[in-house]
Undergrad: 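Below is one structure. I have some questions about it.
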Amino acid sequence: MKRMVSHRSHKGEVCGGLHEAKHPHQVILPMPKALSHWKMLSRFQRNLVTMVLVAVVVTLVYYWGLKEQVQLEEKKEELMNPQIHQPLPQHLDLEDSQIIQTESTTTKVVVTFTPFLPVTEVITMIVTETINPLLQVTEGTTVYMTETVNPLLLVSEGTTVNVTETVSSFLPVTEETTVNVTETVNPLLPVTDIPSVQFIPVPDWSIINRPDLKPIDEWLKEEEEEQRLNDRRIWEEERRKLEEKKREAKKKVQERIIVEQLRKLDERRREEEKKVIEETNKKREDKLKMKMEEKKVEAYEMFAEEWREVERIKEERRKEDERLIKEEIERKKRLERGEIVEKVTSKPGNGLVEGRAWSPEELTLKEEEEKAKLEEERRREQEERIREEQEERIREEQRKREEERQRELERRKKEEEKRKEEERQRELDRLREVERKHQEEIEAEEKKKMEEKRRELVRMTMVADATNIHNFRLKPVEFPPPKTERQIAVLDMLKHAWAGYKKYAWGHDHLKPISQTYHDWFGLGLTIVDGLDTLWIMGMKKEFNDSQEWVTNRLSVSFNEFHDVNLFEVTIRVLGGLLSAYHLSGDPVFLERAMTLGERLMPCFTKSPSAIPYSDVNLASRLAHSPKWSPDSSTSEVTTLQLEFRDLSRCCHDYTFEDVSFQVSEHVHVLEKTDGLVPIFINPNTGSFHENTEIKLGARGDSYYEYLLKQWIQTGKTHDFLKDDYLKAIEGIKKKLVKRTPKKDLVFIGELRGNGREFVPKMDHLVCFAPGMLALGVHHGMPEDHMKLAVDLMETCYRTYAERPTFLAPEITFFNYKPSLDDSQPDMYVKTNDAHNLLRPEFLESLWYMWSLTGNTTYQDWGWQIFKAFERYAKVNNGYTSLGNVNNPLDTRPRDMMESFFLSETIKYLYLLFSDDRKLIDVDKWVMNTEGHPLPIYTS
């Protein structure tokens, strides 16, 4: 039987396994799948694939045979040419295939990055780089080519090659052979117009291992080292330039501040001079007006006198005329009666005859003539007298005007002389002031140098005494054990909180008592360091010793961890806690750690271009910068560092800490404020306030005002500008921020927002520190009316607790301070998002100040109510937790967080509040920092 094998199905499809038989006697055999694909190809495709495979095989065989021939030629050339035994240049990359050219070869190079370079005759070219590892160009060879894909093209001596195109892998080029090649697939061919290029032959790999040559690894290491050093130099140069720019920027900012101050002083001086000139001119004008009025009065009086004189003369003449007329009438009557006889003397022209009596008509005519003459004479006399008087008056006025002009000239002359004298005096004063300032600068510079020398000596002394740190040991401050039931209850609160922290969060920042874990903020063991002085004051010596051991062995390790910390928080909590523990226990290990921490915080001041420090710093790398969320620093943060840094300087006798921190207060003092109130943000790059931010006594603004007073107290009340700024601020608070509610007359402190300074009736729980601050100020000599404001604010803060069903205050309270007809509208209300309680200590701090300064036990009772509320709602199995809602006693929504200030402030102020001894911490000897750490008061 004939057996048939089919490789296709009856449907004509390609099959890769068993196939169906067309005939019942057909045998079915398995067949490879590739073979089935091969059958699918057409005849042309199968022939093409066969040619390609044959070409590849022949190429590989020819390639390896030619490679051995080329290697033999290279070894032969190596033996004939000793130049190849010279050391290789450092830039030679032995892993790259290169064209080898001998010394006498003269070439020209044309560069192109295109794979299609048209090359015509007469262009002499060579290849500088090629993927052909076998191309040998010997002496006298002229090559017209750019690149070739032929890896086997061998050009021997005397060969002339006109390369235009080639795709052959087997093209042998012998003498007299002409090849035209234009196309190339190498896109990396660098060809340049270089008149002469000399190449060094590729050596045999065995040369690399020769002992007289430097290994490539060493070259690479040297290049890497040189590059690393170069990068290091570049980095140091950039760092130096950056430091110079910062110093220049800082210097420019200081110069701008000085120029601005001088400009303001100059403007103030010009305004004062302008006011003086205006007042002088006004006085001069008033004086001239008075003189004019006096002249008018005098002229009027003269005119009235003249008028009265004229009237008098007229009256006298009238009386004289009447008398003459009467005498004439009387004479006529006597003539008529014959009592007298009038003799008439004739005169030429009068028509009278001598010795003859006058007739009545003649007498009347004569009387009229005489009367007319008399009137005419009187009129002439009067006119003459008036004319003379007018002339005299004119002469008098001219004389007075001339005298006035002379007096004015003399006055102006005197004023000009006075002005010149004043200008000369001012110029002398200015020169004296410049000389004085110059002398002060010289003295300050000398003093600074002396101070630096002294500090350096002190620093060296401190370093020398570092091995004898016990030299800085102080006498411990002893506190009596708790005496009252309330104090014992607070002690139990501390023991409960400390036990949970030590069990679940030891060495970490905060305890999460519900989840029985911890929360790290800075990784500095905040609760341990923050609670040191509380443990000491309340007599928990075993727990204090455990904390001291951790500080000794672990705190310095935490300083070397690479993460950013906040300058303000670390200063008030860690630095303040270490210094307070040092003063109370006397153990110098706390001072040693405080010095280390202070030095690591210094870049915030020294790296800033202004007097305002940066807010964040990396304790390990000591790189300081602004916060990631803003270029500004909080005003309260940069102005709440001075108590701690000053105390550190006084303890270690290195005044650098005090100087850089106090420079902040001096700088803020000269900045423009709103009635003594400051915005809550300030820029460390410019040293100026961010004007569009809020003004408030809550977050980011509170402790600025607190440290004005406490710095003044800490320095023995010697820096008066701190006191002045504090008093202006309190007046500004009373003027701008204090309001009252219309129903219960509750006093509260609001906020100002925006450029328009819109009032917002919102008061943070943080503001409840203000009553204690005001009472402390009154105790140290501030105005008595501050105590009235403190008492009113205490009532309001107490109501924020008492009017909540849990007797715990919310974080923020709003007030209705405008009169309303709606009787149901409350005086204060709490928004849902503001109803949380973080176990804050501010109101308890004010309760302690008011109790210790007034002795009013009401404040103790208020504190006891708050303590019971903490015990009822905040206490959990492993500590105390902050709450999310104080408005619902059935669902307070615990937040599972006990921050370090609960131990350092809240518990401490409760313990001090319930003590029978109001001077357990004497406010005349100690000043509390804003974290509740007592620091000593100095005399200067």
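Computed from heavy atoms alone, side chains included, the values below leave out hydrogens, waters and symmetry copies.
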Undergrad: Can K739 be said to sit on top of F815's aromatic six-ring, NZ or CZ under 6.0 Å from centre and within 45° of the ring axis?
TA: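 Ring-cation test returns no.
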
Undergrad: Is there a donor-acceptor pair under 3.5 Å between the side chain of Q860 and the backbone N or O of L913?
TA: yes

Undergrad: Between H583 and W926, how do the two ring planes meet: parallel, tilted or perpendicular, split at 30° and 60°?
TA: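 Geometry flag for W926 against H583: perpendicular rings.
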
Undergrad: Check for a donor-acceptor pair, side chain of E845 on one end and backbone N or O of P841 on the other, with a separation under 3.5 Å.
TA: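 No; zero donor-acceptor contacts below 3.5 Å.
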
Undergrad: Check whether D616 reaches the backbone of H625 with its side chain - one donor and one acceptor, N or O, closer than 3.5 Å.
TA: no

Undergrad: Determine, using ring centers only, whether Y849 and H779 are less than 6.0 Å apart.
TA: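 No, the ring of H779 stays outside the 6.0 Å limit from the ring of Y849, centre to centre.
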
Undergrad: Is there a donor in the side chain of H933 and an acceptor in the side chain of D530, or the other way round, less than 3.5 Å apart?
TA: yes

Undergrad: Can a salt bridge be assigned to the pair D764 and K762 using a cut-off of 4.0 Å between side-chain N and carboxylate O?
TA: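 Result for this pair is yes, salt bridge flagged.
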
Undergrad: Show the numbers, then the answer: is there a side-chain contact (heavy atoms from CB on, under 4.5 Å) between T571 and T640?
TA: CA-CA 9 Å; T571 297; T640 312; over 6 Å; no

Undergrad: Measure from the side-chain N and O atoms of N888 to the backbone N and O of L890, and report whether any donor-acceptor pair falls under 3.5 Å.
TA: yes

Undergrad: Are the side chains of D675 and K728 in contact, using a 4.5 Å heavy-atom criterion?
TA: no

Undergrad: Is the shortest distance from a Lys or Arg side-chain nitrogen in D827 or K744 to a carboxylate oxygen in the other one below 4.0 Å?
TA: no

Undergrad: Can you confirm whether more than 12 heavy atoms, excluding those of K541, are under 6.0 Å from its NZ atom?
TA: yes

Undergrad: Just by modelled atom types, is the I514 backbone N or O under 3.5 Å from a matching donor or acceptor in the D896 side chain?
TA: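 Confirmed, D896 side chain pairs with I514 backbone.
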
Undergrad: Is E478 atom CD crowded by more than 12 heavy atoms from other residues, nucleotides or ligands, each under 6.0 Å away?
TA: yes

Undergrad: Within the supplied structure, the quantity of interest is the number of heavy atoms (other residues, nucleotides, ligands) at a distance under 6.0 Å from E549 CD; does it exceed 12?
TA: no

Undergrad: Closer than 4.0 angstrom, basic N to acidic O: yes or no for D702 and K696?
TA: no

Undergrad: Between R593 and L555 (side chain of the first, backbone of the second, donor and acceptor by atom type, cut-off under 3.5 Å), is there such a pair?
TA: no

Undergrad: With a 3.5 Å distance limit and no angle check, can you tell me whether H563 reaches the backbone of F522 through a side-chain donor-acceptor pair?
TA: yes

Undergrad: Going by the side-chain hydrogen bond (donor to acceptor under 3.5 Å, both in side chains) test, name the single residue among H765, H836, R840 that passes it with E811.
TA: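 Among H765, H836, R840, the one meeting side-chain hydrogen bond (donor to acceptor under 3.5 Å, both in side chains) with E811 is R840.
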
Undergrad: For the residue pair Y880 and F902, is the inter-centroid distance of their aromatic rings smaller than 6.0 Å?
TA: yes

Undergrad: So, do W864 and F914 have ring centers that fall under 6.0 Å from each other?
TA: yes

Undergrad: Let me see the working for Y726 and Y705 under ring-ring contact (aromatic ring centres under 6.0 Å, His included), right down to the final yes or no.
TA: CA-CA 6 Å; Y726 173 79; Y705 308 97; 8.6 Å; no

Undergrad: Nearest heavy-atom pair of H780 and I713: which atoms, and what distance?
TA: CD2-CD1, 3.4 Å

Undergrad: Looking at T484 and Q487, would you say the former's side chain and the latter's main chain have a donor-acceptor pair under 3.5 Å?
TA: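 Flag set: sc T484 to bb Q487 pair under 3.5 Å.
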
Undergrad: Under the ring-ring contact (aromatic ring centres under 6.0 Å, His included) criterion, do F759 and Y817 qualify, and how do the steps go?
TA: CA-CA 11 Å; F759 181 79; Y817 70 101; 5.2 Å; yes

Undergrad: Salt bridge between K908 and D533, side-chain N to carboxylate O under 4.0 Å?
TA: yes

Undergrad: Could K502 and W506 be counted as a cation-pi pair, given that NZ or CZ must be under 6.0 Å from the ring centre and within 45° of the axis?
TA: yes

Undergrad: Taking D509 for its side chain and L526 for its backbone only, find out whether a donor-acceptor pair lies under 3.5 Å.
TA: yes

Undergrad: Taking the six-membered ring for Trp and the full ring for Phe, Tyr or His, determine whether the centres of Y501 and Y518 are under 6.0 Å apart.
TA: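 Between Y501 and Y518, the centre distance exceeds or equals 6.0 Å.
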
Undergrad: Establish, from distance only, whether the side-chain atoms of R700 and S634 form a donor-acceptor pair under 3.5 Å.
TA: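 S634 and R700 do have a side-chain donor-acceptor pair below 3.5 Å.
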
Undergrad: Could E731 and K735 be called an ion pair, given the rule that one side-chain N must be under 4.0 Å from one carboxylate O?
TA: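 The answer is no: the pair does not qualify as a salt bridge.
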
Undergrad: Where does the angle between the aromatic ring planes of W629 and F681 fall among parallel (under 30°), tilted (30 to 60°) and perpendicular (over 60°)?
TA: perpendicular

Undergrad: Assess whether atom NZ of K743 is packed by more than 12 heavy atoms of other residues, nucleotides or ligands within 6.0 Å.
TA: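 Check passes, neighbour count above 12.
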
Undergrad: Quick test of your reading of the model: are D861 and R486 salt-bridged, counting only N-O distances below 4.0 Å?
TA: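 R486 and D861: salt-bridged.
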
